[in-house]
Peer 1: 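Just dropping this structure here.
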Amino acid sequence: DTLTRAGFVVMLNRYLLDPMNYFISQPSELIKTKESIFQTQSIPKIAQSNSLSQITSVSHMSDVTQFDFFFQDLQSVVERYGCIAAYSDGKFRPNQKISRRDVIVSLNACVGRLEELILTVVADKPCAKNLQKKYREQ
């Protein structure tokens, strides 16, 4: 079987982005310091980068409707993370086969957004300097 752009967005959102968003937004005792226990805050919405299409809302995509099975997943990925974009003609092309290259590019963009979210959430925490130092060393 072939993976379509719509199918990929559903898998990406349900099995990577949503679980990570839930994990990041929950109070956590995974990172402890002498000063305090790491407590996350709500995750800020990140603006879509200029390298992606200027469409930042699924409602502007001419070939997507709210009745499509993938609509909520696409809306979450586009509007919350900004790591999946429409083509320059304003179409998402949900039934188009997705290439390996597009999968890799999209995954890389979405993982980059997750890294930004994590760093944003921990930036003002006492343990942030240690986390950022470890992150840079890897």
Side-chain angles (χ1 to χ4, degrees):
D1 289 329
T2 303
L3 183 61
T4 63
R5 288 174 49 85
F8 173 72
V9 165
V10 170
M11 289 178 15
L12 177 68
N13 189 52
R14 293 184 188 177
Y15 299 110
L16 176 66
L17 299 177
D18 265 358
M20 285 302 297
N21 183 43
Y22 176 78
F23 176 76
I24 293 168
S25 66
Q26 296 301 306
S28 176
E29 293 185 10
L30 295 177
I31 303 170
K32 295 182 179 182
T33 64
K34 291 180 183 177
E35 300 87 16
S36 67
I37 295 175
F38 177 79
Q39 297 289 321
T40 60
Q41 300 172 347
S42 61
I43 297 177
K45 186 176 178 179
I46 293 181
Q48 192 170 11
S49 75
N50 292 333
S51 63
L52 298 173
S53 168
Q54 294 301 313
I55 294 178
T56 58
S57 174
V58 176
S59 63
H60 295 110
M61 295 180 186
S62 61
D63 58 345
V64 174
T65 71
Q66 64 182 3
F67 304 108
D68 291 322
F69 77 92
F70 59 90
F71 180 81
Q72 288 182 335
D73 293 295
L74 180 62
Q75 185 176 37
S76 177
V77 172
V78 169
E79 295 175 11
R80 183 183 292 167
Y81 301 101
C83 57
I84 297 287
Y87 286 95
S88 58
D89 62 1
K91 293 183 178 181
F92 176 64
R93 301 179 190 158
N95 298 319
Q96 179 177 310
K97 296 175 187 177
I98 190 164
S99 68
R100 290 179 183 176
R101 179 195 173 281
D102 288 341
V103 167
I104 292 168
V105 168
S106 299
L107 277 175
N108 188 45
C110 291
V111 168
R113 290 292 189 203
L114 286 174
E115 289 173 350
E116 289 175 17
L117 289 173
I118 291 167
L119 291 175
T120 300
V121 170
V122 302
D124 62 343
K125 303 300 177 190
C127 60
K129 290 180 184 175
N130 292 335
L131 287 173
Q132 290 171 351
K133 182 180 176 184
K134 283 186 177 185
Y135 179 74
R136 279 187 233 117
E137 291 173 357
Q138 293 178 353

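Worth saying up front: this structure is predicted, and the values here are computed from it rather than measured.
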Peer 1: Carefully, step by step, assess Leu74 and Met61 under the rule side-chain contact (heavy atoms from CB on, under 4.5 Å).
Peer 2: CA-CA 11 Å; Leu74 180 62; Met61 295 180 186; 3.9 Å; yes
Peer 1: Any salt bridge (Lys or Arg N to Asp or Glu O under 4.0 Å) involving residues 101-110? Give me the pairs, sequence neighbours left out, ordered by first then second residue.
Peer 2: none
Peer 1: Taking only residues at least two apart or on different chains, which pairs with a member in residues 6-17 satisfy salt bridge (Lys or Arg N to Asp or Glu O under 4.0 Å)?
Peer 2: Arg14-Asp73
Peer 1: Which residues pass the side-chain hydrogen bond (donor to acceptor under 3.5 Å, both in side chains) test with Ser106, sequence neighbours left out?
Peer 2: none
Peer 1: Quick one: salt bridge (Lys or Arg N to Asp or Glu O under 4.0 Å) pairs with a partner in residues 58-67, sequence neighbours left out?
Peer 2: none
Peer 1: Under 4.5 Å between side-chain heavy atoms, hopping through other hydrophobics if needed: is there a path connecting Val77 to Val111?
Peer 2: yes
Peer 1: Sub-3.5 Å donor-acceptor pair from the side chain of Arg113 to the main-chain atoms of Tyr81, do we have one?
Peer 2: yes
Peer 1: Which donor-acceptor pairs under 3.5 Å do side chains of residues 64-71 form with protein atoms, sequence neighbours excluded?
Peer 2:
from: Thr65; atom 1: OG1; to: Phe67; atom 2: N; distance (Å): 3.3
from: Asp68; atom 1: OD2; to: Thr65; atom 2: N; distance (Å): 2.7

Peer 1: Can you name the residues that form a side-chain hydrogen bond (donor to acceptor under 3.5 Å, both in side chains) with Ser59, not counting sequence neighbours?
Peer 2: Ser57
Peer 1: Can you check whether Arg80 reaches Leu17 side chain to side chain, under 4.5 Å on heavy atoms?
Peer 2: no
Peer 1: Looking at residues at least two apart in the chain, or sitting in another chain, which of them share a side chain to side chain contact (heavy atoms under 4.5 Å, CB included) with Leu107?
Peer 2: Phe8, Leu12, Leu16, Val103
Peer 1: Does Val9 share a hydrophobic cluster with Tyr15, counting links as ILVMFWY side-chain heavy atoms below 4.5 Å and allowing steps through other members?
Peer 2: yes
Peer 1: Hey, what do you get for OG1 (Thr2) to CD1 (Ile98), rounding to the nearest 0.5 Å?
Peer 2: 12.0 Å
Peer 1: Between Tyr87 (side chain only) and Arg93 (backbone N and O only), is there a donor and an acceptor less than 3.5 Å apart?
Peer 2: no
Peer 1: Spell out, as yes or no, whether a donor-acceptor pair under 3.5 Å connects the side chain of Arg5 to the backbone of Phe92.
Peer 2: yes
Peer 1: So, do Asp18 and Ser76 sit near enough that their side-chain heavy atoms are less than 4.5 Å apart?
Peer 2: yes
Peer 1: Going by the rule side-chain hydrogen bond (donor to acceptor under 3.5 Å, both in side chains), which residues pair with Gln72 if we only count those two or more places apart in sequence or in a different chain?
Peer 2: none
Peer 1: Does any non-hydrogen side-chain atom of Met11 lie less than 4.5 Å from one of Leu3?
Peer 2: yes
Peer 1: So, for Cys83 and Ala109, which heavy atoms are closest and what is the spacing to 0.1 Å?
Peer 2: CB-C, 3.8 Å
